[in-house]
Amino acid sequence: MKSTFILLAGLLGTAAAASSAPGDNFDLYVNGAWERDHTVPADRTSIGMWPDIQAMAIEQSRTLVEEAATAKAPMGVLYTSYLDQAVRDRQGLRPLQTWLAGIDAIGDRAAFAAAIGQLARIDVGAIVVPIIEEDDGHPGQSILTLREGRPGLPNVEAYHATEGPDGARREAYRTYLVAMMTATGVPSPEAAGRVDAVLALEARLVESQLGPAAQRDAVGSYHPVPVGELSTRVPGFAWSSWFAALGIEHPDRVNVAHPAVLRAQLEVVAAARLDVLRDLLRLKLMNTYSRYVDARTGAARLAYHGAALRGTTAEAPAWKRGVDLVTNLMPETLGRAYVARYFPPAAKAQAQAIADDVRTALAARVNKATWLSPSARAEVCRKLKRTRISIGYPDTWPATPTVELREDDLAGNVARLTAWRFDQAVARLKQPLDRTMWQSPVSVPNAYASAAANEVIFPAALLQPPLFDPAADPAANYARLGATIGHELSHLFDDQGLHYDADGRLRDTWSATDAQRFETKVNALVQQLGSYEPLPGHHVNGRLVLGESLADLTGLLAAHDALAAKPVARSDARHAAEQRFFVAWAQLWRTKYQPAYLRTLLQSDAHPPGAVRLSTVRNVDAWYEAFDVQHGALYIASSQRVRIW
């Protein structure tokens, strides 16, 4: 299978030779043989080093989960209920009948609002989606944020498309919804008409929604409102019925992420027929739970969510999907077992040492950024100094679920666990946040940063080969783990993180002049990103991926500086270490995608494709020196390279 990307629009095509010079195509220079020899399996959206890291972690988790299944321990019971497809096929949609009947019984707008709240507790989002998160205006406290429901298609244009890829996706989505409606007992001809009414409603709803790039705006997504004023500021919804259904009593205030959007959507809802609103909820329920019932319903889901959106024509093995489910719904239970088995204290100590080195290097870079005022630089360094770097696992583990789990009731298990997790979050609304306890699954290799908490987290599953190996070459460890640490740290002062102070409060600490200078610099990166064309006719949305791309560049530079500070005996050894560093970085981002999945990513994901992330090197002076790059498609004159930190 040929590579599915064009590295730079107008410069390189898919037929580029694997023997490319570093300055022409660094991806093919490092990864050409790998790309030539590997294809994307039918059940995978992509392959590469990051997917390999994830695959290793899930295999490790599988061992633990299957041991629990043999012992009939709680997470093993959940796993067994997923694997027993024969039971699910016999049951059909019977496990969903109580919820379907509740939707059918909706007789007025208050009952509709209550149903939205009830369904939200079991992870079915529609119209108004509740999210309990840290309060940007009051660090250390939680707040209920109200967001609009997500559309079923990945982009607004697809709702009106009649041809081309978007038209094909719309038709696949319609076919899927008709299958879901029919599965609930509605005759086929009637189901098609009812689905068309829901599609028309969804099209009206998405017209007012913000694009994915605008939804990244931290300042624009924070609008705290006293609950007593909610009905006035966002009218047209039975808020009291919704709160009661969620089990949230007497909240003082909520955050309405996008008030104008939510008002517009509720106006659409107010004008819609009640029977169409009921069908919308029916299909939202089916979309969430179709993966937990009979195989026929699951196959209809795969045709849309798999083939149409992700390019996968086969499902992952049942064991893998079962382990994913345990990971998502019982992360604390699995995490404790994972750390005990796979993450020794020595690995934690060495990873912490790399993190300390990278933080020091990053602070030094900030102090040299003379385009920023001294006061702004001091504020960034103050934030960096106070940032909590959590390695491996939390100091305080969250509570483990206390719900009934049955081997013959998968959908019920999922609903009970999901509702329990939601109720746990509700209980935290009235309590100070415990900074020693974090919710990220330690068995998933996915680091993240929280500007509101001023914290970066690196779970145990991430801190293993090939990303990190205590016995490996330092050049590889710094290029991979070091750059990842620098990436997450830099999110705390990227285009969104800069709006938070050292305490995690949403408060600008830079002057207007500082902010304008930063915007000028990042605009250069936005333009550079927009020149990439990963699929013919599909360019990168530079503004959408700006935060991740800023973090890639900053993290790579900080990791390089941290490595360069390490003593090396001979100059030729230093040069070799520099080359190994950048090669290890390029290997980290080698990726091949299903074309349909790559198209979905380009439309909606804030993370750029792997080849784009790998090409960050073209802004790094040390890369040019390490490989003597003086020309080529990747070459940028020194004066034109993007330099921020």
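What you see is a predicted model; the values in this text were computed from it and never measured. Basis for what follows: all heavy atoms, side chains included, without hydrogens, waters or symmetry-related copies.
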Regarding [X] and [Y], do their side chains bring together a donor and an acceptor under 3.5 Å, going by distance alone?
X	Y	result
His631	Asp24	no
Ser638	Arg643	yes
Thr145	Glu133	yes
Gln603	Asn541	no
Gln630	Asp628	yes
Asn155	Glu157	yes
Thr327	Asp324	no
Glu625	His575	no
Arg216	Ser221	no

(request) Determine, stepwise, if the pair Arg263 / Glu148 fulfils salt bridge (charged side-chain N to carboxylate O under 4.0 Å, His left out). (result) CA-CA 10 Å; Arg263 280 195 300 270; Glu148 56 274 12; over 6 Å; no
(request) Step by step, work out the side chain to side chain donor-acceptor pair (under 3.5 Å) result for Gln496 and His491. (result) CA-CA 8 Å; Gln496 299 305 313; His491 271 314; over 6 Å; no
Just by modelled atom types, is the [Y] backbone N or O under 3.5 Å from a matching donor or acceptor in the [X] side chain?
X	Y	value
Gln209	Gly149	yes
His487	Ala483	no
Asn31	Trp34	no
Thr288	Leu285	no
Arg170	Tyr159	yes
Glu533	Gly537	yes
Gln594	Pro41	yes
Ser46	Lys592	no
Arg62	Lys320	no
Arg169	Ala308	yes

What pairs with [X] under ring pair (Phe, Tyr, Trp, His ring centres under 6.0 Å), at least two apart in sequence or on another chain?
X	result
Tyr82	none
Tyr597	none
Tyr304	Tyr173, Tyr176
Tyr222	none

(request) Heavy atoms only: give me the nearest Glu548-Pro608 pair and the separation to one decimal. (result)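 Result for this residue pair: CB-CD, 3.8 Å.
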(message) Testing the basics here: between Leu544 and Ala213, what is the closest heavy-atom pair and its distance to 0.1 Å?
(response)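 Heavy atoms only, the tightest pair is CD1-N, 3.6 Å.
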(request) Check side-chain contact (heavy atoms from CB on, under 4.5 Å) between Arg150 and all other residues, then give those that pass, not counting sequence neighbours. (result)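 If we apply the side-chain contact (heavy atoms from CB on, under 4.5 Å) test to Arg150, skipping adjacent residues, there are no hits.
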(request) Could you list the residues that satisfy side-chain contact (heavy atoms from CB on, under 4.5 Å) with Gln215, not counting sequence neighbours? (result)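 Leu210, His258.
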(message) Between Asn619 and Gln528, does the side chain to side chain donor-acceptor pair (under 3.5 Å) criterion hold? Intermediate values first, please.
(response) CA-CA 10 Å; Asn619 292 305; Gln528 184 183 110; 2.9 Å; yes
[X] side chain near [Y] side chain, heavy-atom distance below 4.5 Å:
X	Y	result
Leu601	His607	no
Ser549	Arg613	no
Val198	Asp279	yes
Val629	Leu634	no
Arg599	Leu535	yes
Leu177	Arg174	no
Asp43	Pro317	yes
Met286	Met181	no

(request) Flag the pair His539 / Tyr532 as yes when their ring centroid distance falls below 6.0 Å, and as no otherwise. (result)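 Judged by ring-centre distance (under 6.0 Å), His539 and Tyr532 do not meet the cut-off.
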(request) Could you please spell out the steps behind the side chain to side chain contact (heavy atoms under 4.5 Å, CB included) verdict for Arg641 and Asp621? (result) CA-CA 8 Å; Arg641 294 168 198 165; Asp621 295 341; 2.8 Å; yes
(message) Would Arg618 and Trp623 count as a cation-pi pair here, with the cationic atom under 6.0 angstrom from the ring centre and within 45° of the axis?
(response)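 No, Arg618 does not sit over the ring of Trp623.
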(message) Check for me whether Arg44 meets the cation-pi criterion with Tyr593, that is, NZ or CZ under 6.0 Å from the six-membered ring centre and within 45 degrees of the ring axis.
(response)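 No, cation not above the ring by the 6.0 Å, 45° rule.
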(request) Classify the angle between the aromatic ring planes of Trp645 and Trp371 as parallel (below 30°), tilted (30 to 60°) or perpendicular (above 60°). (result)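 It falls in the tilted class, 30° to 60°.
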(message) Regarding Arg543 and Glu519, does a basic nitrogen lie under 4.0 Å from an acidic carboxylate oxygen?
(response)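 A salt bridge is present here (some side-chain N lies under 4.0 Å from a carboxylate O).
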(message) Checking Leu309 against Leu153 for the side chain to side chain contact (heavy atoms under 4.5 Å, CB included) test, could you report, in this order, the C-alpha distance in whole Å, the side-chain angles of both residues, the deciding distance, and whether it holds?
(response) CA-CA 9 Å; Leu309 290 186; Leu153 287 164; 5.6 Å; no
(request) Take Asp27 and Arg590, measure what salt bridge (charged side-chain N to carboxylate O under 4.0 Å, His left out) needs, and give me the verdict at the end. (result) CA-CA 7 Å; Asp27 185 19; Arg590 66 186 184 198; over 6 Å; no
(request) Show the numbers, then the answer: is there a side chain to side chain contact (heavy atoms under 4.5 Å, CB included) between Arg204 and Gln265? (result) CA-CA 8 Å; Arg204 291 193 295 274; Gln265 297 217 314; over 6 Å; no
(message) Other residues, nucleotides and ligands only: do more than 12 of their heavy atoms fall within 6.0 Å of CZ on Arg321?
(response)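 Yes - once you tally the heavy atoms of other residues, nucleotides and ligands closer than 6.0 Å, there are more than 12.
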(request) Apply the ring-ring contact (aromatic ring centres under 6.0 Å, His included) test between Phe26 and each candidate in Trp585, Phe627, Trp589, Phe582; give the one that qualifies. (result)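 With Phe26 as partner, Trp585, Phe627, Trp589, Phe582 yield a single ring-ring contact (aromatic ring centres under 6.0 Å, His included), made by Phe627.
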(request) Only one of Asp561, Leu563, Ile485, Asp473 passes side chain to side chain contact (heavy atoms under 4.5 Å, CB included) with Tyr478; say which it is. (result)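 Considering Asp561, Leu563, Ile485, Asp473, a side chain to side chain contact (heavy atoms under 4.5 Å, CB included) with Tyr478 is found only for Leu563.
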(message) If you apply the rule side chain to side chain donor-acceptor pair (under 3.5 Å), what do you find for Thr520 with Asn523, and how did you get there?
(response) CA-CA 5 Å; Thr520 299; Asn523 278 340; 5.6 Å; no
(request) Evaluate side chain to side chain donor-acceptor pair (under 3.5 Å) for His305 paired with Asn287, printing each intermediate quantity in order. (result) CA-CA 10 Å; His305 285 282; Asn287 183 57; 2.7 Å; yes
